[in-house]
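Please read the structure below before turning to the comments.
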Amino acid sequence: MWDWIKIAMFGLIALFAALAASWARDLAYQVHMLIIMAVAAGLFIWSVRTAGEAQPALATGTAEGYNDGVIRAGVIATAFWGVVGFLVGVFIAFQLAYPQLNFEFLQGYGNFGRLRPLHTSAVIFAFGGNALLCTSFYVVQRTSAARLWGGNLAWFVFWGYQLFIVLAATGYLLGATQSKEYAEPEWYVDLWLTVVWVAYLLVFLGTILKRKEPHIYVANWFFLSFIVTVAMLHVVNNLTIPVSIWGSKSVIVWAGVQDAMVQWWYGHNAVGFFLTAGFLGMMYYFVPKQAERPVFSYKLSIVHFWALIFLYIWAGPHHLHYTALPDWASTLGMVFSVVLWMPSWGGMINGLMTLSGAWDKIRTDPIIRMMVISIGFYGMSTFEGPMMSIRAVNSLSHYTDWTIGHVHSGALGWNGMITFACLYFLTPKLWKRQGLYSLKLVNWHFWLSTIGIVLYAASMWVTGIMEGLMWREVDAQGFLVNSFADTVEAKFPMYLVRGLGGVLYLAGALIMVYNLWMTAFGKQQTQAAAAAATPAE
């Protein structure tokens, strides 16, 4: 019976998508409907061919009964989308230095305005999102001693999320965007992501509810808060009314300053829960496992959790200093941002002090080294952010490249490095290898990425502060000394340094992909240190 329901469902979706593509009012909507039609038609044909057959579960299990097939797919997707996102980022960095790289013959599809949201979404939602999916599925099973709830629902979450990424990315290139930071996809893509995210919540929460361990480990608290809060943020910020069901264009229900307030409530908490809480869940599981030490203070981790999730949600208005937002609202955001520094550093201290008694591993284990530097960048970014939220500092930093440097020191240093470390941890275990293909290549990756981050962040700090000072410089009569073009010209050398930093970071990621591929599918190198670098579960 279920087979015929699936056949009917896929057939109807393919038919509707074909009609929608035929009646589409814009190119982006038409392309998206054709993609959906192709996916639904393929699933329709597959369902017809396999109807009535006993279907093995897609989720390949382990001896312990865990669903690791979807986690393996998540590791591959994380590495793939990471390289794509970093590559686009390097290209647009050089576009800013050399505007000629906005090639006219591409009719706008390859210009900075369309590639920039492609880069941010690829790195945050494709690379970071897939990292969170695969690590949360791995952690919740091991700490609950239970298989993922929902059978193949986890596979629906994985493939549904990949479809969202493809729809979002092609939409940016074709000019379909809401023009909202970190929330660019249009209404129908947002609806699809909501369905996938609810399924993700059901899988994760269902696994916790059927756990065999009485205790819910703290990493799962962070993962669950990230899933629930991102769902709330996404729905409220993307409340729109489509202009037509046959077109991509929609109108946001919020107006004026309310729209700005909701957007930055969403935007800052996308950082706070997607890029912070979720990745702290990774830190609280993988750092103790790799160091083979317990968490330094479990009590501190609980205090850290509750303080962080209570304070972060109020910090968004600091993005709107000196705008039409009421003073009290931006002051509220500033105060909560400054207070947020304390629980953030509580998490950093807990992560670093977990290495108590194992500091020698920093010298011998490059994976631990990546984890340590990621926690260090987390601490630095969570100090810099509250400082930049203070009005007096914000008046200099806002709209300058200082903000870009801050964002990338956090994203590349904290999110990127902890993700790389987790991929190195997971790959030998998921593919049943004794150790990584080459620890020497991990070392190369570490140093290339670290130097790349330093070049990128330092160049943006220098050029950002210079830019802010040039904008406010006046002569004896009170007239501005520098035109906007003067500031752009002055930044050129630092833009080249930023591009070089991006190249080094991309090179490190490519080395990682080769190392992971050889670990999973290539001939193993014999290394005595490899087993020590990947402790038993």
Side-chain angles (χ1 to χ4, degrees), residues 85-86 88-97 112 115-117 119-124 127-128 181-182 264 267-268 270-272 275-276 279 315 318-319 321 337-338 340-341 344 348 373-419 448-472 484 487-506 508-509:
F86 304 151
V88 177
V90 169
F91 183 67
I92 64 174
F94 282 108
Q95 278 186 324
L96 289 173
F112 180 86
L115 290 178
R116 190 266 177 181
H119 161 63
T120 54
S121 288
V123 172
I124 296 172
F127 171 64
E181 186 76 354
Y182 311 135
W264 283 110
H268 193 78
V271 174
L275 296 178
T276 302
F279 285 85
H318 76 235
H319 288 266
H321 288 321
S337 299
V338 172
L340 191 60
W341 167 62
S344 298
M348 177 196 70
I373 202 165
S374 74
I375 298 168
F377 272 105
Y378 171 66
M380 184 182 68
S381 298
T382 52
F383 172 77
E384 186 182 29
M387 181 182 69
M388 293 173 72
S389 75
I390 299 169
R391 268 201 193 87
V393 180
N394 195 265
S395 66
L396 175 69
S397 71
H398 205 46
Y399 306 117
T400 73
D401 288 332
W402 186 358
T403 305
I404 311 302
H406 165 65
V407 169
H408 281 78
S409 67
L412 302 180
W414 159 234
N415 302 119
M417 294 297 255
I418 194 73
T419 299
L448 284 170
S449 295
T450 302
I451 295 169
I453 296 166
V454 170
L455 289 176
Y456 192 116
S459 64
M460 290 299 96
W461 288 330
V462 169
T463 193
I465 295 171
M466 177 188 71
E467 191 176 26
L469 291 173
M470 288 180 73
W471 285 350
R472 60 167 61 179
F484 184 77
T487 67
V488 174
E489 183 180 7
K491 293 189 296 182
F492 176 73
M494 292 296 100
Y495 275 19
L496 293 182
V497 175
R498 167 169 69 175
L500 175 60
V503 168
L504 294 177
Y505 199 84
L506 173 63

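What you see below is based on every heavy atom in this structure, not just the backbone, and it leaves out hydrogens, waters and symmetry mates. Not measured: the values here are computed from a predicted model.
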Going by the angle between their ring planes, with limits at 30° and 60°, are [X] and [Y] parallel, tilted or perpendicular?
X      : Y      : answer
Phe383 : Trp341 : perpendicular
His408 : Tyr456 : parallel
His318 : His268 : perpendicular

Which distance, rounded to the nearest 0.5 Å, do you find between the [atom1] of [X] and the [atom2] of [Y]?
X      : Y      : atom1 : atom2 : value
Leu96  : Arg116 : CG    : CZ    : 10.5 Å
Glu489 : Phe484 : CD    : CZ    : 13.0 Å
Thr487 : Phe492 : OG1   : CZ    : 14.5 Å
Thr450 : Leu455 : OG1   : CG    : 11.0 Å
Ile404 : Thr463 : CD1   : OG1   : 11.0 Å
Met470 : Ile465 : CE    : CD1   : 14.0 Å

Locate the shortest heavy-atom distance separating [X] from [Y]; write the atom from each residue and the value.
X      : Y      : answer
Thr400 : Leu396 : CG2-O, 3.4 Å
Ser395 : Arg472 : OG-NH2, 3.1 Å
Ser449 : Met417 : CB-SD, 3.9 Å

Under 6.0 Å between ring centres: does that hold for Phe279 and Tyr378? no
Is there side-chain contact between [X] and [Y], with at least one heavy-atom pair below 4.5 Å?
X      : Y      : answer
Glu384 : Trp461 : yes
Ile92  : Gln95  : yes
Thr382 : Leu340 : no
Trp402 : Val393 : yes
Met387 : Ser397 : no

Give the table of side-chain donor-acceptor pairs shorter than 3.5 Å for residues 493-505, with sequence neighbours excluded, one pair per line with atom names and distance.
{"from": "Tyr495", "atom 1": "OH", "to": "Asp401", "atom 2": "OD2", "distance (Å)": "2.9"}
{"from": "Tyr495", "atom 1": "OH", "to": "Lys491", "atom 2": "NZ", "distance (Å)": "3.0"}
{"from": "Tyr505", "atom 1": "OH", "to": "Leu412", "atom 2": "O", "distance (Å)": "2.8"}

Any side-chain to backbone donor/acceptor pair from [X] onto [Y]? Under 3.5 Å, distance only.
X      : Y      : value
Ser374 : Gly413 : no
His319 : Trp264 : no
Trp414 : Leu275 : yes
Asn394 : Ser389 : no

For Ser381, check side chain to side chain contact (heavy atoms under 4.5 Å, CB included) against everything at least two apart and list the hits. His406, Ser409
